[in-house]
Student: 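One structure follows; several queries about it will come next.
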Amino acid sequence: IASGNAGAGFIAVSAAGAAAVLNLTNCVASSNLTVGIKADAGVNAMVRIAGCTIAGNAAGLQTSLGSIKSFGNNFNSDSGTPTLPNLSQQ
């Protein structure tokens with residue numbers, strides 16, 4: 001659970017070309033002042049989400065060069081969409 005943060009709830013930040021991968025399963029991102037889930041600062045920042053609830057944030061999903069990949073079973077009542085294509089459920 002990431003709730004009530006002054007910035008992002010969950011964030012992956014890639015610096016100097018290094019990979020940053022954040023895998024979130026059955027998470028809750030709510031009431032964060034900037035964004036619920038963010039892939040930030042570099043093309044190597046990736047967030048994968050499955051079964052997550054994103055609600056009550058200033059923005060739901062946000063990328064800044066990075067990507068947010070979804071398994072298609074999340075609940076987002078805020079703005080933002082995952083980076084397509086979605087991942088396949090197995």
Side-chain angles (χ1 to χ4, degrees):
I1 295 175
S3 182
N5 293 292
F10 295 102
I11 186 169
V13 178
S14 173
V21 178
L22 177 61
N23 295 305
L24 300 171
T25 305
N26 298 325
C27 73
V28 175
S30 67
S31 303
N32 297 294
L33 292 182
T34 59
V35 64
I37 300 173
K38 185 173 185 177
D40 196 18
V43 295
N44 293 322
M46 178 191 293
V47 181
R48 295 183 191 110
I49 56 175
C52 294
T53 299
I54 304 110
N57 304 286
L61 303 174
Q62 188 177 76
T63 61
S64 176
L65 297 178
S67 62
I68 297 175
K69 294 298 212 169
S70 170
F71 284 93
N73 59 345
N74 304 288
F75 305 94
N76 181 12
S77 66
D78 297 332
S79 63
T81 58
T83 308
L84 296 175
N86 282 338
L87 300 170
S88 299
Q89 294 185 28
Q90 298 180 0

Student: Do the non-hydrogen side-chain atoms of Ile37 and Leu61 ever get within less than 4.5 Å of each other?
Tutor: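 Yes, their side chains come closer than 4.5 Å.
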Student: Could you check whether any side-chain N or O of Lys38 sits under 3.5 Å from a backbone N or O of Gly60, counting only pairs where one atom can act as donor and the other as acceptor?
Tutor: no
Student: Please report the shortest heavy-atom distance between Ser79 and Ala58, naming the atom on each side.
Tutor: OG-O, 4.4 Å
Student: CD1/Ile49 to CG/Asn76 distance, rounded to the nearest 0.5 angstrom?
Tutor: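 These two atoms lie 7.5 Å from each other.
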Student: Could you work out, with side chain to side chain donor-acceptor pair (under 3.5 Å) as the rule, every residue matching Thr63, not counting sequence neighbours?
Tutor: none
Student: Listed by chain and number, what are the side chain to side chain donor-acceptor pair (under 3.5 Å) partners of Thr34, not counting sequence neighbours?
Tutor: none
Student: Tell me if a side-chain donor or acceptor on Asn32 pairs with a main-chain N or O of Asn5 at a distance below 3.5 Å.
Tutor: yes
Student: Which atom names give the shortest non-hydrogen contact between Ala41 and Val13, and what distance separates them?
Tutor: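 Here Ala41 and Val13 meet closest at CB-CG1, 3.9 Å.
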Student: Can you name the closest pair of heavy atoms from Ser70 and Gly72 and give their distance?
Tutor: OG-N, 2.8 Å
Student: Which residues satisfy the side chain to side chain donor-acceptor pair (under 3.5 Å) test with Asn23, sequence neighbours excluded?
Tutor: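 With sequence neighbours excluded, Asn23 shows a side chain to side chain donor-acceptor pair (under 3.5 Å) to Arg48, given in chain and number order.
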Student: Closest heavy-atom contact between Gly56 and Ser77?
Tutor: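 Looks like N-OG, 4.3 Å.
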Student: Report yes or no: do Ile54 and Leu22 belong to one cluster of Ile/Leu/Val/Met/Phe/Trp/Tyr joined by side chain heavy-atom distances under 4.5 Å?
Tutor: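 Ile54 clusters together with Leu22.
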Student: Going from CG on Asn74 to SG on Cys52, what distance comes out if it is rounded to the nearest 0.5 angstrom?
Tutor: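 These two atoms lie 5.0 Å from each other.
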Student: Locate the shortest heavy-atom distance separating Pro82 from Asn86; write the atom from each residue and the value.
Tutor: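 Closest heavy-atom pair between Pro82 and Asn86: CB-OD1, 4.1 Å.
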Student: Distance check, rounded to the nearest 0.5 Å: Gln62 atom CD versus Asn57 atom CG?
Tutor: 10.5 Å
Student: Report yes or no: does Thr83 contribute a side-chain atom to a donor-acceptor pair with the main-chain N or O of Ile68 at less than 3.5 Å?
Tutor: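 Such a contact is found between Thr83 side chain and Ile68 backbone.
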Student: To check you understand the geometry: which heavy-atom pair defines the closest contact between Ala12 and Ala45, and what is its length?
Tutor: O-CB, 3.6 Å
Student: Mind checking whether Leu24 and Met46 sit in one hydrophobic cluster, side chains of I, L, V, M, F, W, Y counted as touching below 4.5 Å?
Tutor: no
